[in-house]
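Fair warning: this is a prediction, and the values are worked out from it, not measured in the lab. Note that these values count all heavy atoms, side chains included, but never hydrogens, waters or copies made by symmetry.
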Amino acid sequence: MRNTGHPPGSWYADTATAFPTLPPLAGDARADVCVVGAGYTGLGAALELAGRGAGVIVLEAAEVGSGGSGRNGGQVHAGQRRDQAWLEKAVGRDDALALWRQAQAARAHLMALITEHAIACDWRPGMIHARHKPGGADDDARHIDLMASRYGDDNLALIGAAELAAELGTGVYFGGMIDRSGGHLHPLNLALGLGRAAIGQGAEIHERSAARAWRREAGKIVVETAGGRVICDQLILTGDGYLDQLAGGAATARVMPINNFILATEPLGARAEALIRSDAAVADSRFVINYFRKSPDGRLLFGGGENYSPTFPRDLAGFVRRHMLKIYPQLADVAITHAWGGTLGVTTHRVPYVRTLAPGVQVAAGYSGQGVMLAPYFGKLLAEAALGETAGVELLARLPVPPFPGGRLLRWPLTVAGLSWYALRDRL
């Protein structure tokens, strides 16, 4: 397996399906649409555009799926990033309903992509939301009632502390909710499958072709790389936490990169049977969440901890292992075979930033941890907008995404201080 663009120590990279090395852009090329970024959003856009007969070129700085799309926890949460009660207050009940339907369409779209293109990404159903503090059962019950009565969602159910302990193999949680419409998958294999599908439809993808700048010239958009140029009519910018100044100050003021980390244990053998008996994915209620699931070969894949610096902790395995042992102290003797990190984009309200930056130029980022399900579909919506069908993007543009406070100089320290405070509350 080629490995140059993927993080060292990644279990996903070590178990990825075969994928060809794609050549960098060389010289001038022409396309109807240029897409920057070969992650879920960019590949979703390329697949939709190519399938509808548009000429599309994708520029990827590293390799297909080598950013957050190939490094994340692989969890599929139903709905938008914020719950429906929050959305109703933020954008009104009509738009909240439209956003719910959009999220439902995103899930159906993801399942259809996996089936239609035979993407071997180990899809498993089931998602458990676990409460890490006492109290909260009444809030969960109200949420379940709202979703059933107003949105027709009957996939949610309460789970008590004792039942949850038996399910997970740990007694540290105080109950929670089960979502039968959620689930988990191999995120890098999903990205590689989308890449193969896009190429099969006629999309042109260039790896190791970082877009350095774009400009307007003679009525066209010109995107420059170190080795060439793409001359196009429309430009779609993606990248989530890897979004850079190419998207301009408005976007970078609203999308903040943070780092999150995952480990994989050795195969647990018979011990795996006592952990997450239903084989669902699990995420807890901490601000800096712990999220975990089992791999097909019986490992525990555990995500926990984050930082806000340009660098990762030197001992990634030890950093995440401390979080894992708070949930599963019985795994203290288990070897850690893999540990890796990735960068995701967050926004102030934890809703995605999807906007038209300029005529013919669109951006999507800031999924805040909800990209596995939403990003491929949002790529489809960006593709539709490039073809003149703008309703989906216009709905997302009504989500409030204010800039982080502090301006250019103080944004980072103020945000880090705020995030650190919320992380501290997890431990109180």
Side-chain angles (χ1 to χ4, degrees), residues 10-12 15 72-78 121-137 140-141 144 155-187 260-306 316-340 369 372 426-427:
S10 166
W11 180 80
Y12 298 143
T15 57
N72 64 79
Q75 297 196 347
V76 174
H77 300 254
C121 59
D122 299 322
W123 164 254
R124 306 289 178 88
M127 183 73 220
I128 295 172
H129 301 272
R131 295 193 307 274
H132 77 287
K133 290 184 177 181
D140 284 350
I144 291 170
N155 289 299
L156 299 170
L158 286 174
I159 182 169
E163 184 183 359
L164 186 59
E167 158 68 20
L168 300 185
T170 176
V172 302
Y173 292 115
F174 295 86
M177 291 185 296
I178 298 175
D179 185 354
R180 290 180 289 272
S181 65
H184 58 100
L185 48 72
H186 190 302
N260 202 264
F261 311 104
I262 308 176
L263 63 73
T265 69
E266 64 183 337
L268 299 176
R271 297 173 71 176
E273 297 175 7
L275 309 182
I276 323 177
R277 294 178 184 274
S278 66
D279 204 19
V282 185
D284 68 23
S285 59
R286 290 174 171 83
F287 180 79
V288 181
I289 68 170
N290 292 316
Y291 52 95
F292 44 99
R293 60 196 181 93
K294 289 189 292 192
S295 68
D297 63 348
R299 302 169 189 267
L300 183 68
L301 305 179
F302 190 97
E306 63 188 30
L316 271 182
F319 182 83
V320 184
R321 183 174 180 271
R322 290 194 295 272
H323 295 277
M324 180 188 74
L325 293 182
K326 292 176 183 177
I327 311 301
Y328 289 113
Q330 67 268 39
L331 300 183
D333 63 328
V334 168
I336 307 303
T337 60
H338 300 76
W340 67 99
V372 177
D426 286 341
R427 301 190 290 270

Should [X] and [Y] count as side-chain neighbours, where that means a heavy-atom distance under 4.5 Å?
X      : Y      : answer
Arg299 : Thr337 : yes
Val76  : Met127 : no
Ile276 : Leu300 : yes
Ser278 : Glu167 : yes
Tyr12  : Asn72  : no
Ile336 : Thr265 : yes
Arg293 : Arg124 : no
Asp279 : His184 : yes

Rounded to the nearest 0.5 Å, what separates atom [atom1] in [X] from atom [atom2] in [Y]?
X      : Y      : atom1 : atom2 : value
Ile327 : Tyr173 : CD1   : OH    : 3.5 Å
Leu331 : Met324 : CG    : CE    : 5.0 Å
Asp179 : Asn155 : CG    : CG    : 6.0 Å
Met177 : Asp140 : CE    : CG    : 4.5 Å
His186 : Trp11  : NE2   : CH2   : 5.0 Å
Ile262 : Leu301 : CD1   : CG    : 7.5 Å

Closest heavy-atom pair and its distance - [X], [Y]:
X      : Y      : result
Phe261 : Val320 : CB-CG2, 3.5 Å
Gly298 : Ala272 : O-CB, 3.8 Å
Ala165 : Gly171 : CB-CA, 4.0 Å
Leu158 : Ala137 : CD2-O, 4.2 Å
Ala130 : Leu164 : CB-CD2, 4.0 Å

Mark yes or no for whether [X], through its side chain, and [Y], through its backbone, hold a donor-acceptor pair below 3.5 Å.
X      : Y      : value
Asn290 : Ala283 : no
Asp284 : His132 : no
Thr170 : Tyr328 : no
Arg271 : Gln330 : yes
Arg321 : Leu325 : no

Check: Passes side-chain contact (heavy atoms from CB on, under 4.5 Å), Val372 versus Gln75? Steps please.
Finding: CA-CA 7 Å; Val372 177; Gln75 297 196 347; over 6 Å; no

Margin query: For Phe302, give me all partners under ring-ring contact (aromatic ring centres under 6.0 Å, His included), at least two apart in sequence or on another chain.
Written below: Phe292

Note to self: I'd like to know whether Ile178 forms a side-chain contact (heavy atoms from CB on, under 4.5 Å) with Ile128, so could you lay out the CA-CA distance, the side-chain angles of the two residues, the decisive distance to 0.1 Å, and finally the verdict.
What the structure shows: CA-CA 5 Å; Ile178 298 175; Ile128 295 172; 4.2 Å; yes

